[in-house]
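Please read the structure below before turning to the comments.
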Amino acid sequence: MSDADSAVARAMDLARESFIAASGPGGQNVNKVATAVQVRLDVFALRLQPQVFARLKAAAGSRMTAAGEIVLTARRFRTQEANRADARERLEALIRGAFEAPAPRAKSRLNRVGKEARIKAKKTRGAVKANRGKVEW
């Protein structure tokens, strides 16, 4: 079992779900039944490595609270079961994405002709700006 699999399994065990009233389609049913699901997960309880935690925090963005909780709300579907499955899938995708390290950036190489063209463009632009100034009447 990989680190990502074990983290996802722990996350699913630690996640707390609550059902809230949803907006959107559903007619009168939407006013009576709490079909939207809000999933809360304490990220610190997962005991992630620092670089994985940093990637998870960046990916979660505003969905992570100052207390270190990820809050996901699923309300796309009209049933609790479908919204619950949707929220859990999104949480799993978020955690698995944090375990994938970004590919290292390869330094771009510019040939001599490209360098000369860039310098020439900079000189031309500088000359245009140098010619600007106050107009003497």
Side-chain angles (χ1 to χ4, degrees):
M1 185 178 234
S2 70
D3 290 342
D5 292 337
S6 61
V8 167
R10 276 183 298 177
M12 295 305 162
D13 290 341
L14 293 170
R16 296 185 324 271
E17 296 173 347
S18 58
F19 296 97
I20 56 177
S23 61
Q28 290 182 357
N29 185 58
V30 80
N31 300 327
K32 295 186 294 185
V33 182
T35 55
V37 179
Q38 194 173 62
V39 176
R40 291 180 170 269
L41 172 67
D42 182 14
V43 178
F44 297 122
L46 292 179
R47 305 256 183 250
L48 299 173
Q49 298 158 353
Q51 64 272 22
V52 175
F53 175 78
R55 286 195 293 266
L56 181 61
K57 186 176 179 181
S62 63
R63 293 174 292 192
M64 183 179 268
T65 65
E69 266 191 335
I70 292 180
V71 181
L72 289 177
T73 305
R75 57 170 54 109
R76 278 196 304 183
F77 302 101
R78 289 179 62 165
T79 63
Q80 280 186 351
E81 295 81 21
N83 282 328
R84 185 171 183 256
D86 182 41
R88 287 184 164 266
E89 286 171 12
R90 286 172 34 204
L91 182 63
E92 180 179 349
L94 198 64
I95 293 169
R96 286 194 188 279
F99 275 90
E100 294 173 8
R105 183 184 176 276
K107 187 176 177 184
S108 58
R109 293 184 48 113
L110 201 59
N111 59 15
R112 182 184 52 80
V113 175
K115 280 184 188 176
E116 288 174 2
R118 184 179 67 86
I119 298 296
K120 183 174 183 256
K122 286 172 70 85
K123 292 283 186 191
T124 305
R125 188 73 186 142
V128 167
K129 289 184 175 185
N131 290 333
R132 291 183 187 154
K134 289 191 175 183
V135 177
E136 296 292 328
W137 293 101

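Here the structure is a predicted model, which means the values were calculated and not measured.
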Report summary line: On a heavy-atom basis, the closest approach of Arg55 and Ala98 is NE-O, 2.7 Å
**Report entry** Rounded distance (nearest 0.5 Å) linking atom CD1 of Ile95 with atom CE of Met12
**Finding:** 5.5 Å
Report summary line: CG (Leu94) and CD (Glu92) are apart, to the nearest 0.5 Å, by 11.0 Å
Report summary line: To the nearest 0.5 Å, atom CD of Glu69 lies from atom CE of Met64 at 10.0 Å
**Report entry** Audit row: Arg75, Asp86, salt bridge (Lys or Arg N to Asp or Glu O under 4.0 Å) steps and yes/no
**Finding:** CA-CA 9 Å; Arg75 57 170 54 109; Asp86 182 41; over 6 Å; no
Report summary line: One should read off an interatomic distance between Ile70 CD1 and Leu56 CG, to the nearest 0.5 angstrom, of 4.0 Å
Query raised in the report: Between Arg10 (side chain) and Leu46 (backbone), is there a donor-acceptor pair under 3.5 Å?
Result: yes
Query - side-chain contact (heavy atoms from CB on, under 4.5 Å) evaluation trace for Arg90 with Val39 - result: CA-CA 10 Å; Arg90 286 172 34 204; Val39 176; over 6 Å; no
Requested in this report: Mind running salt bridge (Lys or Arg N to Asp or Glu O under 4.0 Å) on Glu116 and Arg112 for me, showing each step along the way?
Outcome: CA-CA 6 Å; Glu116 288 174 2; Arg112 182 184 52 80; 3.1 Å; yes
Report task. Report the distance from atom CG of Leu91 to atom CZ of Arg96, rounding to the nearest 0.5 Å. Result -> 11.0 Å
Query raised in the report: Passes side-chain contact (heavy atoms from CB on, under 4.5 Å), Thr73 versus Ile20? Steps please.
Result: CA-CA 9 Å; Thr73 305; Ile20 56 177; 4.0 Å; yes
Query raised in the report: So which heavy atom on Asn111 is nearest to which on Gly114, and how close?
Result: OD1-N, 2.8 Å
Query - Between CD on residue Glu89 and CG on residue Leu72, distance to nearest 0.5 Å - result: 12.0 Å
Query raised in the report: Mind checking whether Phe53 and Val71 sit in one hydrophobic cluster, side chains of I, L, V, M, F, W, Y counted as touching below 4.5 Å?
Result: no
